[in-house]
Each structure stands twice: as C-alpha cells, then as structure tokens.
Amino acid sequence: MPRSFTIKVPCSSANIGPGFDVVGLALSIWLELRVTVDETVSGVSQNCEITYEGEGAKDLPREADSNLITRTALYVLKCHDIRSFPATTFVHIINPIPLGRGLGSSGAAVVAGVMLANAIGRFGLSRERMMDYCLMIERHPDNVTAAMMGGFVGSYLRELDPIDMERKEIPLSEVLPEPAGGLDTGLRPPEPPYGIGHHIKFGWAKEVKAIAIIPNFELSTANSRSVLPKTYTAKDMIFNLQRLAVLTTALTRSPPDADLIYQAMQDKVHQPYRKTLIPGLTEILASVTPKSHPGLLGICLSGAGPTILALATHNFDTIATEILARFSKEGVECAWKVLEPAYNGAEHIE
C-alpha cells in the first residue's frame with residue numbers, strides 16, 4: 001500500500017535587530033511537503049518525482065539531486081547507506097515563503113529535506129540530531145534552528161575541524177560560496193558530529209505579532225553578506241551585545257515596554273552596511289517609532305533583507321501603510337503580512 005505523510009516547516013526571521021547570526025524567530029508562513037511513496041511505480045530518476053506550487057514554481061529545479069530539499073534528503077539517506085529514494089517517491093512542494101527576501105526560505109528547505117529523509121528512512125532521529133544534519137549544510141544556525149525548534153531562539157555553532165567540512169558529498173546551501181557540493185562520488189558522505197549547534201528557546205509575550213513588509217525584489221544572502229566588513233570596532237560590538245542582552249528578556253514581558261524594546265532592537269553590525277542594497281532602509285528604520293506609531297515595539301531588517309520586520313501589538317494597518325509609502329517613494333512595491341510566532345516549529349504528520 002502507498003504510504004503518505006506531510007512535513008510542514010515555518011519560515012523564519014533572523015538577527016532581530018542586534019542579534020546578527022545569533023537569534024531567529026519562527027513565523028507563520030509554512031513550507032509544506034506532501035509525500036507519497038508508491039513502490040508499484042518505477043522509472044523516475046533517483047526514484048523521486050517532484051511537483052511544485054507557490055513561490056519559485058517557475059524557476060526551481062525538479063531534479064532530486066539539484067533541488068535543495070531533495071538534495072538535502074539524499075545526503076541524509078546516503079549517510080545511512082541508502083543511495084536513492086524508495087521507488088517511487090512523489091514529493092509535492094507547496095511553498096508560500098518568498099525566495100531571497102530574508103524570511104528563511106533556504107533554511108526551511110534544509111529542515112524539510114532532513115525531515116523528509118528521516119521519515120523516508122524511518123531513522124527515528126531526534127530533533128537535536130536532525131539539527132546536526134541541518135548545520136552541516138546551512139552553516140548559520142539562526143534560521144534553521146528557529147524553523148526546526150520553533151519560537152524565538154538563540155543559538156551558537158561550535159567550530160568544526162576543516163576535515164569535517166571538506167568532503168564534496170555535503171550539499172551546502174546557497175548561503176555558502178559555490179560550488180554547492182553534494183556531488184555523488186559513490187562514497188558514503190561524512191555524518192555530522194554530534195552536537196554541532198546548541199540553542200535556547202526564549203519566551204515571547206503573547207501580545208506581540210510581526211508585520212513583514214516584503215519588497216518585490218530578491219536579495220541573495222551571499223550578496224548581502226558581501227557588503228559587511230571583515231572586522232568591527234569594540235565599540236560597535238559592545239553596542240550590539242548590550243542591546244541583545246536586554247532584548248531577549250524584554251520580548252518575554254507582558255505588557256511589552258515599547259521604549260525599551262525599540263532601543264534594544266538597534267544595530268550597528270549589519271543594517272548600516274546593507275542600506276546600499278535596500279532603497280530607503282535607513283530612513284524607514286529611523287522614522288517609524290513607538291511615538292510616531294503607537295503599537296509599534298521595534299523595527300529591523302529581517303535576516304539579510306530586503307524584508308522589514310516590525311514587531312507590534314496593534315495598529316498593524318497604519319504601521320504597514322507608513323512603511324509601504326516610504327518604499328513607494330523609492331519606487332519599490334511591497335506586500336505585507338501580519339504573522340504569529342510558530343511556537344512548535346517543524347512538523348511531521350503521518
């Protein structure tokens with residue numbers, strides 16, 4: 001009998017102001033895989049047939065060894081001495097997460113791929129062990145940790161010996177430089193060491209929602225990182241560390257303190273350098289405040305951008321309209337959504 005199951009993975013916003021490469025927030029836009037394994041069908045490459053709807057449907061590859069989701073799954077399967085999907089695996093991808101907008105689309109794809117392999121192989125991997133596989137592929141832990149674990153999380157990644165990462169069979173995500181890797185050399189890929197990353201889930205005040213203002217252009221993480229300096233002054237690093245220490249507790253308190261949160265979401269590590277890539281960024285971040293727009297708690301660039309994330313308790317329409325108008329002056333059209341935290345993270349539903 002054919003076997004069917006569903007995997008759902010939330011989008012995520014990383015950095016949240018001063019938390020560059022440290023904190024992530026899972027949000028309520030869900031990548032969904034609808035999977036059927038039917039052993040009566042054969043003849044498909046890698047035993048996997050991919051169909052797709054939603055964001056990226058026209059452009060993303062349908063080949064199992066090229067699509068990031070199934071490429072990731074194949075890596076995990078090969079780590080368990082399984083060279084291909086069971087014949088035949090049908091994977092229908094439903095993706096409402098905008099691509100290249102700073103909402104963790106590649107992180108969600110990596111998490112979905114690891115969970116797909118775990119389900120296909122019935123490996124029984126814990127979430128923590130699945131995170132090790134995610135972090136072999138996506139070397140920045142903030143998005144993938146939020147997507148897998150859910151909620152508002154802080155994470156760090158222990159340094160690996162270069163020998164752990166030099167094998168060509170590891171399918172690196174688009175965040176890292178080309179070549180992307182994942183070559184099928186016929187060898188068993190290296191399994192990740194245990195405990196690559198560690199995380200803690202922070203609280204989140206129930207009143208706080210996220211307004212995502214999503215410009216109509218893509219900005220790759222690689223390009224967005226290319227404008228960042230190689231070194232920072234002690235003054236700027238201390239500025240961010242002080243605010244991050246306050247922010248992770250301030251967002252747990254009910255009712256939220258808007259003045260405290262707004263100041264704690266200021267940043268000197270990545271946002272000032274990315275203003276050249278996002279028209280109007282500096283003016284938007286400086287002009288929309290709790291005093292000018294009651295209900296607003298804080299505003300920041302979501303991940304690498306160009307999406308703007310505004311945390312607020314009410315007055316969502318007015319806040320969004322103001323940011324949309326400022327983008328419009330720069331000739332940039334945007335969509336917007338009010339999102340809830342996705343507290344439970346990724347799900348596997350049989």
Side-chain angles (χ1 to χ4, degrees), residues 9-17 24-32 52-61 67-69 93-109 142-143 146-147 173-175 209-228 265 267 270-288 293 296 298-312 315-340 342:
V9 183
C11 77
S12 57
S13 177
N15 306 333
I16 316 297
L25 173 64
L27 292 167
S28 55
I29 306 176
W30 298 84
L31 170 66
E32 185 173 337
Y52 200 105
E53 64 179 272
E55 297 282 338
K58 294 181 180 178
D59 305 315
L60 293 180
N67 185 281
L68 181 56
I69 294 171
I93 301 169
I94 304 170
N95 179 38
I97 304 174
L99 303 181
R101 304 297 211 281
L103 286 170
S105 58
S106 66
D142 40 13
N143 285 111
S173 82
E174 61 90 20
V175 170
K209 295 180 174 57
I211 310 166
I213 310 295
I214 307 166
N216 66 347
F217 66 92
E218 294 186 21
L219 178 58
S220 77
T221 303
N223 287 343
S224 193
R225 282 186 177 270
S226 70
V227 301
L228 301 181
M265 283 181 64
D267 161 73
H270 74 109
Q271 292 177 163
Y273 302 99
R274 287 168 164 166
K275 64 184 179 182
T276 58
L277 304 175
I278 303 167
L281 175 63
T282 302
E283 295 74 15
I284 290 168
L285 295 179
S287 61
V288 184
H293 291 78
L296 180 76
I299 185 169
C300 64
L301 195 60
S302 179
T307 293
I308 299 289
L309 201 73
L311 303 183
N315 212 16
F316 308 118
D317 287 1
T318 303
I319 294 167
T321 299
E322 176 66 21
I323 300 171
L324 289 171
R326 290 185 177 272
F327 267 127
S328 183
K329 289 179 182 178
E330 303 292 336
V332 177
E333 294 182 359
C334 303
W336 68 281
K337 299 175 183 288
V338 177
L339 304 175
E340 302 267 0

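- Of the inter-residue distances, the one linking E322 atom CD with S287 atom OG reads 6.0 Å to the nearest 0.5 angstrom.
- Residues S105 and G100 approach most closely at OG-N, 3.9 Å, considering heavy atoms.
- Taking all atoms of both residues into account, the shortest heavy-atom contact from S12 to A146 is CB-CB, 4.0 Å.
- Looking at S328, its side chain never comes within 3.5 Å of a backbone N or O of A325 through a donor-acceptor pair.
- Between L228 atom CG and R274 atom CZ the span is 4.5 Å, to the nearest 0.5 Å.
- Formation of a donor-acceptor pair under 3.5 Å by the R101 side chain with backbone atoms of F217 is found in this model.
- In this structure, R326 does not pair ionically with E330, as no charged nitrogen and carboxylate oxygen lie closer than 4.0 Å.
- Residue P61 comes nearest to N67 through the heavy atom pair O-ND2, 3.0 Å, listed as atom of the first residue, atom of the second, then distance.
- Considering only heavy atoms from C-beta on, I299 comes within 4.5 Å of I323 through its side chain.
- Taking every heavy atom of both residues into account, A57 and Y52 meet most closely at CA-CD2, 3.4 Å.
- In this structure, L99 and L60 have side chains that are in contact, with non-hydrogen atoms separated by less than 4.5 Å.
- Under 3.5 Å, the side chains of S302 and T307 contain no donor-acceptor pair of N or O atoms.
- Heavy-atom minimum distance, L339 versus A212: CD1-CB, 4.0 Å.
- When side chains are defined from C-beta on, L281 counts as touching I308, because their heavy atoms get closer than 4.5 Å.
- Within the 4.5 Å cutoff, the side chain of L311 has heavy atoms near those of the M265 side chain.
- N95 places no side-chain N or O within 3.5 Å of a backbone atom of G54 that could act as its donor or acceptor partner.
- Residues L309 and L301 fail the side-chain proximity criterion, which asks for heavy atoms closer than 4.5 Å.
- Judged by distance alone, with hydrogens and angles left aside, the side-chain atoms of T221 form no donor-acceptor pair with the main-chain N or O of A304 at under 3.5 Å.
- Between the side chain of Y273 and the backbone N or O of T276 there is no donor-acceptor pair closer than 3.5 Å.
- Of all the heavy atoms in W336 and F316, the pair that sits closest is CZ3-O, 4.2 Å.
- Atom CG of L25 sits about 6.0 Å away from atom OG of S13, to the nearest 0.5 Å.
- Side-chain contact check for I97 versus P10: every heavy-atom pair is 4.5 Å or farther apart.
- Side-chain contact between H270 and V227 is absent, with no heavy-atom pair separated by less than 4.5 Å.
- The side-chain heavy atoms of I278 and F327, taken from C-beta on, include a pair separated by under 4.5 Å.
- Note that SG of C300 is 9.0 Å distant from CG of D267, once rounded to the nearest 0.5 Å.
- Atom CG of L324 and atom CD of E333 lie 10.0 Å apart (nearest 0.5 Å).
- In this structure, the separation between CD1 on I211 and OG1 on T321 is 9.5 Å, given to the nearest 0.5 Å.
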